[in-house]
Amino acid sequence: MPLCSASTGTTSLSQAAHSDALFYQPLNMDKALSEVKWKANTHYLHEQGVSSAVVQWTQFGDETFGGEHGWLASRLDLWMKQSPVWFGLYSDPEYFSAIDVPADEQRLYLDALLSKNEETLSAWTTWLDTRRERVAGLYLPFELSDYYFQTTASQHHLNHALRRFADNTTHPVAISVFINGVMPPETFAAWISSIQQTGVKVWLQNGRGTGALPKATVQRYIEALPCDVGIIDEIFHQESASPFKARPMTDAEKQKAQIAAEACHPHLTFSFRYWRPMPFPLPIP
């Protein structure tokens, strides 16, 4: 994923003309979108300045979307003709409840989760090796938060596990983080830096789609971050948390909720499903 040029200025993420990467969360309902329409969409995104894709997962629980020979693999091949792809691995549907447990249980769960990611990677090894030049890196599809990793011990175990994973692959590795507000901004930034020292890239969700934290609070956290931390700009408006329900943000909502960041930060967008306009929009559950 290319970095933005270093600058002392700021950019409004809601008004940015390009995106270093665009997230895509595969759902089986997307299979109905023909390859012709898919190709039109990815060509349009490329013309809009999207320089790479982050496919958030290729396995969600027991769902593999057909694996190396399935519909998702064929759609990724089409997208790779336009831009490199960050390849997401295994996502656990029960992650948010499974990670929020006592320290001993959390360590066991985290190790098991990374093992499942290694299994998914192994299942796609041949496919990835034949497309290496178009694979930007691997994405670990579980979200970190200062709420889940408040203690030094839990942070050390996380970093050790991430380093072990990164050391066992030749691909770049990335993961995302969201802010809960448990740590002060400077402490949060130091924690993020410690994760990046494992060799894993960190991308921070700016949270404007969920609105979980006030915009001014998020701004303080972003301002404390080093420039090599990517910022994920949310372009959806959450209507319900449980079950999750969202729609694309309107231009007026984007303007109202915009969060500025130093131009040096890599800029990512969440997500393909909510990007408008689009020649053939993806269905929204």
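All residue numbers refer to positions in the sequence shown, counting from 1. Excluded from the calculations below are hydrogen atoms, water molecules and symmetry mates; all remaining heavy atoms, backbone and side chain alike, are included.
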> Go through the steps to decide whether L72 and T64 satisfy the test side-chain contact (heavy atoms from CB on, under 4.5 Å), and finish with yes or no.
CA-CA 9 Å; L72 178 58; T64 62; over 6 Å; no

> Where is the tightest heavy-atom contact between P84 and S51, given as atom of each residue plus distance?
CD-O, 3.3 Å

> Nearest 0.5 Å, please: how far is CZ in F236 from NZ in K245?
13.5 Å

> If I compare all heavy atoms of W275 with all of V50, which pair ends up nearest, and what's the gap?
CH2-CG2, 3.7 Å

> Using distance alone, with no hydrogens and no angle criterion, decide if S154 and T151 have a side-chain donor and acceptor under 3.5 Å apart.
yes

> Quick check: does any side chain N or O of H237 sit under 3.5 Å from a backbone N or O of M249, one acting as donor and the other as acceptor?
no

> What residues, two or more places apart in sequence or in another chain, satisfy ring pair (Phe, Tyr, Trp, His ring centres under 6.0 Å) together with W124?
F87, W127

> Do E118 and R164 sit within salt-bridge range, that is, some charged N less than 4.0 Å from a carboxylate O?
no

> Of all heavy-atom pairs between H171 and G137, which one has the smallest distance, and what is that distance?
CB-CA, 4.4 Å

> Say whether, by atom type as modelled, one donor and one acceptor occur between the side chain of N41 and the main chain of F280 under 3.5 angstrom.
yes

> Hey, what do you get for CE (M80) to OG (S52), rounding to the nearest 0.5 Å?
11.0 Å

> Checking E35 now: which residues fulfil side-chain hydrogen bond (donor to acceptor under 3.5 Å, both in side chains) with it, not counting sequence neighbours?
S74

> Kindly state each residue pair satisfying side chain to side chain donor-acceptor pair (under 3.5 Å) with at least one member in residues 178-195, sequence neighbours excluded.
N159-S194

> With side-chain contact (heavy atoms from CB on, under 4.5 Å) as the criterion, how do D77 and R134 come out once you've worked through the C-alpha distance, each side chain's angles and the decisive distance to 0.1 Å?
CA-CA 9 Å; D77 273 330; R134 304 301 290 168; over 6 Å; no

> For the residue pair P285 and F244, establish whether any side-chain heavy-atom pair is separated by less than 4.5 Å.
no

> Would you mind telling me which of I179, I232, L213, I222 makes a side chain to side chain contact (heavy atoms under 4.5 Å, CB included) with N206?
I222

> Salt bridge check, E119 against K116: does any charged N sit closer than 4.0 Å to a carboxylate O?
yes

> Can you name the residues that form a side-chain contact (heavy atoms from CB on, under 4.5 Å) with K31, not counting sequence neighbours?
W71

> Distance-only, no hydrogens or angles: does the D20 side chain make a donor-acceptor pair with backbone N or O of P266 under 3.5 Å?
no

> What I'd like to find out is whether the side chain of Y274 reaches to under 4.5 Å of the side chain of I284, using heavy atoms alone.
yes

> Give a yes or no answer on whether the side chain of K256 reaches the backbone of D251 with a donor-acceptor pair at less than 3.5 Å.
no

> Would Q59 and T120 count as a side-chain hydrogen bond (donor to acceptor under 3.5 Å, both in side chains) here? Give the steps.
CA-CA 7 Å; Q59 181 171 351; T120 300; 3.1 Å; yes

> Identify, with sequence neighbours excluded, every residue that meets side-chain contact (heavy atoms from CB on, under 4.5 Å) alongside H43.
E47, Q82

> W38 vs W79 aromatic rings, parallel, tilted or perpendicular, using cut-offs 30° and 60°?
perpendicular

> Which atom pair, heavy atoms only, marks the closest approach of D146 to V182?
OD2-N, 2.9 Å

> Taking only residues two or more places apart in sequence or in another chain, which ones pass side-chain hydrogen bond (donor to acceptor under 3.5 Å, both in side chains) with T210?
none

> Just checking E133: does its CD atom have more than 12 heavy atoms from other residues, nucleotides or ligands closer to it than 6.0 angstrom?
no

> May I ask you to test the R163-D167 pair for a side-chain heavy-atom distance under 4.5 Å?
yes

> Donor-acceptor pair, K37 side chain versus A32 backbone, under 3.5 Å?
no

> Mind listing the closest non-hydrogen atom pair of T58 and G88 along with its distance?
OG1-O, 2.8 Å

> Which residue, Y24, F142, Y139, F65, forms the side chain to side chain contact (heavy atoms under 4.5 Å, CB included) with W57?
F65

> Could you grab the distance from atom SG of C264 to atom CG of L225, nearest 0.5 Å is fine?
10.0 Å

> Would the number of heavy atoms belonging to other residues, nucleotides or ligands and lying under 6.0 Å from OH of Y147 be above 12?
no

> For a side-chain contact (heavy atoms from CB on, under 4.5 Å) check, start with the C-alpha distance between L282 and M29, then their side-chain angles and the critical distance, and finish with the verdict.
CA-CA 9 Å; L282 297 182; M29 63 175 60; over 6 Å; no

> For R75 and L33, indicate whether the former's side chain and the latter's backbone hold a donor-acceptor pair under 3.5 Å.
yes

> Okay, side chain of R208, backbone of K254: is any donor-acceptor separation there less than 3.5 Å?
yes

> Rounded at 0.5 Å granularity, tell me how far NE2 in H46 sits from CG in L22.
13.5 Å

> Quick one: pull up OG in S176 and NZ in K201 and give me the separation to the nearest 0.5 Å.
15.0 Å

> For Y221, enumerate each residue passing the side-chain hydrogen bond (donor to acceptor under 3.5 Å, both in side chains) test, keeping only those at least two apart in sequence or located in another chain.
none

> Does a donor on one side chain sit under 3.5 Å from an acceptor on the other, for Q196 and D228?
yes

> Could you please spell out the steps behind the side-chain contact (heavy atoms from CB on, under 4.5 Å) verdict for L144 and I99?
CA-CA 9 Å; L144 307 180; I99 196 68; over 6 Å; no

> In chain order, what residues pass the side-chain hydrogen bond (donor to acceptor under 3.5 Å, both in side chains) check against Y148, with sequence neighbours excluded?
none

> Of all the heavy-atom pairs spanning E253 and P248, show the shortest one and how long it is.
OE1-O, 4.3 Å

> Just say parallel, tilted or perpendicular for the rings of F270 and F23, cut-offs at 30° and 60°.
tilted

> With distance as the sole test, does T42 use its side chain to make a donor-acceptor pair with the main-chain N or O of K39 at under 3.5 Å?
yes

> Between Q219 and A260 (side chain of the first, backbone of the second, donor and acceptor by atom type, cut-off under 3.5 Å), is there such a pair?
yes

> Measuring from S271:OG to Q56:CD, what's the distance to the nearest 0.5 Å?
8.5 Å

> For the backbone of A246 and the side chain of Q238, can you confirm whether one donor and one acceptor N or O come within less than 3.5 Å of each other?
no

> Under the salt bridge (charged side-chain N to carboxylate O under 4.0 Å, His left out) rule, what pairs show up with a residue in residues 78-89, not counting sequence neighbours?
none

> Going by the rule side-chain contact (heavy atoms from CB on, under 4.5 Å), which residues pair with E105 if we only count those two or more places apart in sequence or in a different chain?
V101, P102

> Which salt bridge (charged side-chain N to carboxylate O under 4.0 Å, His left out) pairs, counting each pair once, include a residue from residues 272-285, with sequence neighbours left out?
D30-R273

> Could you give the side-chain donor-acceptor pairs of residues 89-96 under 3.5 Å, partners two or more places apart or in another chain?
| from | atom 1 | to | atom 2 | distance (Å) |
| --- | --- | --- | --- | --- |
| D92 | OD1 | E94 | N | 3.0 |
| D92 | OD2 | Y109 | OH | 2.6 |
| Y95 | OH | E143 | O | 2.4 |

